[in-house]
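Since this is a predicted model, take the numbers as computed values, not measurements.
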Amino acid sequence: MKSDGAVVWKLEKDGDIDEVELGDNVQQHGQDLKVSDVDMPIVGEYSCWSGEKKISSTYLLLDPEEKNLDSLSCWANSYNCNFSCKWTNAEYTAVHLGVGPECSGGEKSCSWFAPGKTGTLPGGGGFQFELSHFFSPYTEESTMLEVTAEAINSYSFVRMTKRFYLRDIVQPDSPQIIACQEVGQELNVSIDPASSWSTPPSFYSLEHEIEYEYKDDGKTERSSSSLIPKGISRLRARSRDSVVRSTWSEWTDWKNVNY
């Protein structure tokens, strides 16, 4: 850390700004400030002052030895070019994400994503991001996505990268129950994919599961067939990719059955 002319170095920590206390591990030589054996008491924002004028500032933060990759999770509701991620470690007050080898490699060409419109997760438990990639949804996936997170708080800086195939994070949105029609002694349930699912459906096929409740005893059963018994009071459905057996979607709301 260096500046020209007579200067004073200050340290901001927990909202307080105080002149740097010099000692064995914090030494000032002219305009230079040398910090060694960095530990919690001397991390934070260091600023260089000439009289009442702040000339410059820089952060000195710890890099934790243990990095919890579970702080970052991602999912996609289709094979289109957008996906979502959330950062759940509430200890960090600022986070941004980058996609691709430029970001995992720390290159200047990396384009960073700030938290999306939803911003902070409910309860202040982290941040949510809307990201994009440039892989074709119509070719076999051979390259893993790389998502790099950089997060800071007042005393530490963490950098981590997660790698995964898009197919491993796909979870369709809940499908649409269109109709129930009588077919002899059974009901034929028509189900369409969510509007957010990839098209055409012939290429991106889904399998559906139906859960239904009997009128007489309230018991529930599930079926992977569109044909279910009569004598039910309500039903709901969920979907998943039939090829890669993705995570199941959330269930639809219960739908009353009248026929």
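Listed by chain and residue number, nothing satisfies the ring pair (Phe, Tyr, Trp, His ring centres under 6.0 Å) test with Trp251 (two or more places apart in sequence, or in another chain). Not counting sequence neighbours, the partners of Trp248 by the side chain to side chain contact (heavy atoms under 4.5 Å, CB included) test are Glu207, Glu209, Arg238, Arg240. In this view, His208 satisfies the ring pair (Phe, Tyr, Trp, His ring centres under 6.0 Å) rule with no residue, not counting sequence neighbours.
For Ser242 and Ser205, the side-chain atoms include at least one donor-acceptor pair closer than 3.5 Å. Between the side chains of Ser196 and Asp173, at least one donor-acceptor pair of N or O atoms lies under 3.5 Å.
Between Asp70 and Thr88, the shortest heavy-atom contact is O-OG1, 3.9 Å.
Within 6.0 Å of the NZ atom in Lys215, the count of heavy atoms belonging to other residues, nucleotides or ligands exceeds 12. For Gln28, the CD atom sits in a packed shell: over 12 heavy atoms of surrounding residues, nucleotides or ligands are nearer than 6.0 Å.
No side-chain heavy atom of Thr199 sits less than 4.5 Å from a side-chain heavy atom of Tyr204. Counting heavy atoms from C-beta on, the side chains of Val147 and Phe83 come closer than 4.5 Å.
Remark: of the listed residues Lys219, Glu221, Arg234, Glu221 is the sole one forming a side chain to side chain donor-acceptor pair (under 3.5 Å) with Tyr212.
Linking ILVMFWY residues whenever their side-chain heavy atoms come closer than 4.5 Å, directly or via other members, places Trp87 and Leu131 in the same cluster.
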